[in-house]
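Below, read A as the first sequence line, B as the second, and so on, with proteins coming before strands; counting in each chain starts at 1. Side chains included, hydrogens not; waters and symmetry mates left out as well; all remaining heavy atoms used.
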2 protein chains.
Amino acid sequence: MRGMTDRNDSQESLLALDRQVCFALYSAQLAMSKVYRKLLRELDLTYPQYLVMLVLWEQDGQTVSGIGERLFLDSATLTPLLKRLEGAGLLQRQRSRQDERQVAVVLTEQGHKLREKAEAVPESVMCATQCSPDELERLRDDLHNLRERLAS
Amino acid sequence: MRGMTDRNDSQESLLALDRQVCFALYSAQLAMSKVYRKLLRELDLTYPQYLVMLVLWEQDGQTVSGIGERLFLDSATLTPLLKRLEGAGLLQRQRSRQDERQVAVVLTEQGHKLREKAEAVPESVMCATQCSPDELERLRDDLHNLRERLAS
DNA sequence: GCATCTTATATAGCGCGCGATTTAATCGCA
DNA sequence: TGCGATTAAATCGCGCGCTATATAAGATGC
């Protein structure tokens, strides 16, 4: 009966924490956001705010739902976040003329300028992962794949 | 100059959203938690609550910080969560006799019983991922690895 | 024995993420 | 033209996850 404690029994179970992909994903994401929190403090951005800025640096003037489709977030999450970024002077929210339902999100001078500071972030993160670029690309593609399958 | 739009230029940049491992991780985690939300509605658990239950099903009677070490969460997150689980009748929080600073978290009858319902969850999730067990194990190990490196 | 340090938990406040609902603008179609 | 259906944002409420701080119990040193 050696080793037959509750703990060891449970390692065999499908419910064992360390066997769950979900927990591996969850805890890796927590760890990643901790790394970003530290790096982004210098830019006065939160991690989701940084993602929104990435979207806008790619293409300025997108609508709220356009940003949402890119990040898989809805207006309930984005509206308050965008208001905070507007409050910080990084962007402006303006109702579209053609379709008054839509709100275009446009970077300010300051918002564009922040990009320069942000350029340093990806390298710091890659360094923090202690992974090779190849490993990271593979993991990234696996995760994109997983996301797509989970969403279907 | 064909194809030289803002958007295409930015795909080359290190800041391109779709090149970020962080975003792949973030969006996969969002998608995963959506899958769990749906499945866990039947158990009246949130995703983090489910993780806490996994920890307690593995070993009952752990302290708050013991659970926290396992899940990489601290008391600021766990205390309110545990109070909600206590309110739902799944566990009890009791101060330790030996060390009055510690709080032991003990499953109730109902908390133990919920495990039976939970047994069905992992298979549903594996199905939702549309991945082979091998693929999932590899991804899980890669993520554990990443988490460890990020935390160091 | 007592002050000081450390540790375990709890609390307060903020920013997500999201389900549910609301408001307002546009579309479809008779 | 007008009216119901659809769409885009916004709002509300809740549960995390975290920083900072508080409280209280144990450990340590003199």
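- Near DNA chain D, meaning a heavy atom under 4.0 Å from it, residues 143-152 of chain B has no residue at all.
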Practice prompt. List the steps and the verdict of side chain to side chain contact (heavy atoms under 4.5 Å, CB included) for B/Val121 and B/Tyr50.
Written response: CA-CA 10 Å; B/Val121 171; B/Tyr50 172 74; 3.5 Å; yes

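- When the side-chain nitrogen and oxygen atoms of B/Ser65 are compared with OP1 and OP2 of C/dT7, none of them lie within a distance under 4.0 Å.
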Practice prompt. Assess whether side-chain hydrogen bond (donor to acceptor under 3.5 Å, both in side chains) is satisfied between A/Ser96 and A/Gln98, documenting all intermediate values.
Written response: CA-CA 6 Å; A/Ser96 160; A/Gln98 311 93 288; 3.2 Å; yes

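- Each of A/Val106 and A/Val52 belongs to its own hydrophobic cluster when Ile, Leu, Val, Met, Phe, Trp and Tyr are linked at side-chain heavy-atom distances under 4.5 angstrom.
- Environment of CD in B/Glu42: sparse, with no more than 12 heavy atoms of neighbouring residues, nucleotides or ligands closer than 6.0 Å.
- Side chains of B/Cys131 and A/Asn145 form no contact here, defined as non-hydrogen atoms less than 4.5 Å apart.
- Between A/Lys83 and the phosphate of D/dT11, there is a side-chain N or O to OP1/OP2 separation shorter than 4.0 Å.
- Going from atom CD of B/Glu69 over to atom C1' of C/dT7 covers 12 Å, rounded to whole Å.
- Within residues 88-103 of chain B, the residues approached by DNA chain C to less than 4.0 Å at the level of any non-hydrogen atom are B/Arg93, B/Arg95, B/Arg101, B/Gln102, B/Val103, in residue-number order.
- Residue pairs meeting the salt bridge (charged side-chain N to carboxylate O under 4.0 Å, His left out) criterion with at least one member in residues 85-94 of chain B, sequence neighbours excluded: B/Glu86-B/Arg93.
- As judged by a 4.0 angstrom heavy-atom cut-off over every strand, B/Lys38 is placed among residues making no nucleic acid contact.
- Using a 4.0 Å cut-off between a side-chain N of Lys or Arg and a carboxylate O of Asp or Glu, B/Asp18 and A/Arg70 qualify as a salt bridge.
- The side chain to side chain donor-acceptor pair (under 3.5 Å) contacts involving residues 123-136 of chain A comprise A/Gln130-B/Ser152, A/Ser132-A/Glu135, where partners must be two or more places apart or lie in separate chains.
- The salt bridge (Lys or Arg N to Asp or Glu O under 4.0 Å) test applied to B/Asp99 returns B/Arg101, not counting sequence neighbours.
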Worksheet entry | Nucleotide-resolved protein contact map, nucleotides 13-23 of chain C, B/S/- at heavy-atom distance under 4.0 Å | --SSBBB----

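- Considering every non-hydrogen atom in both B/Gly111 and B/Trp57, the closest pair reads O-NE1, 3.0 Å.
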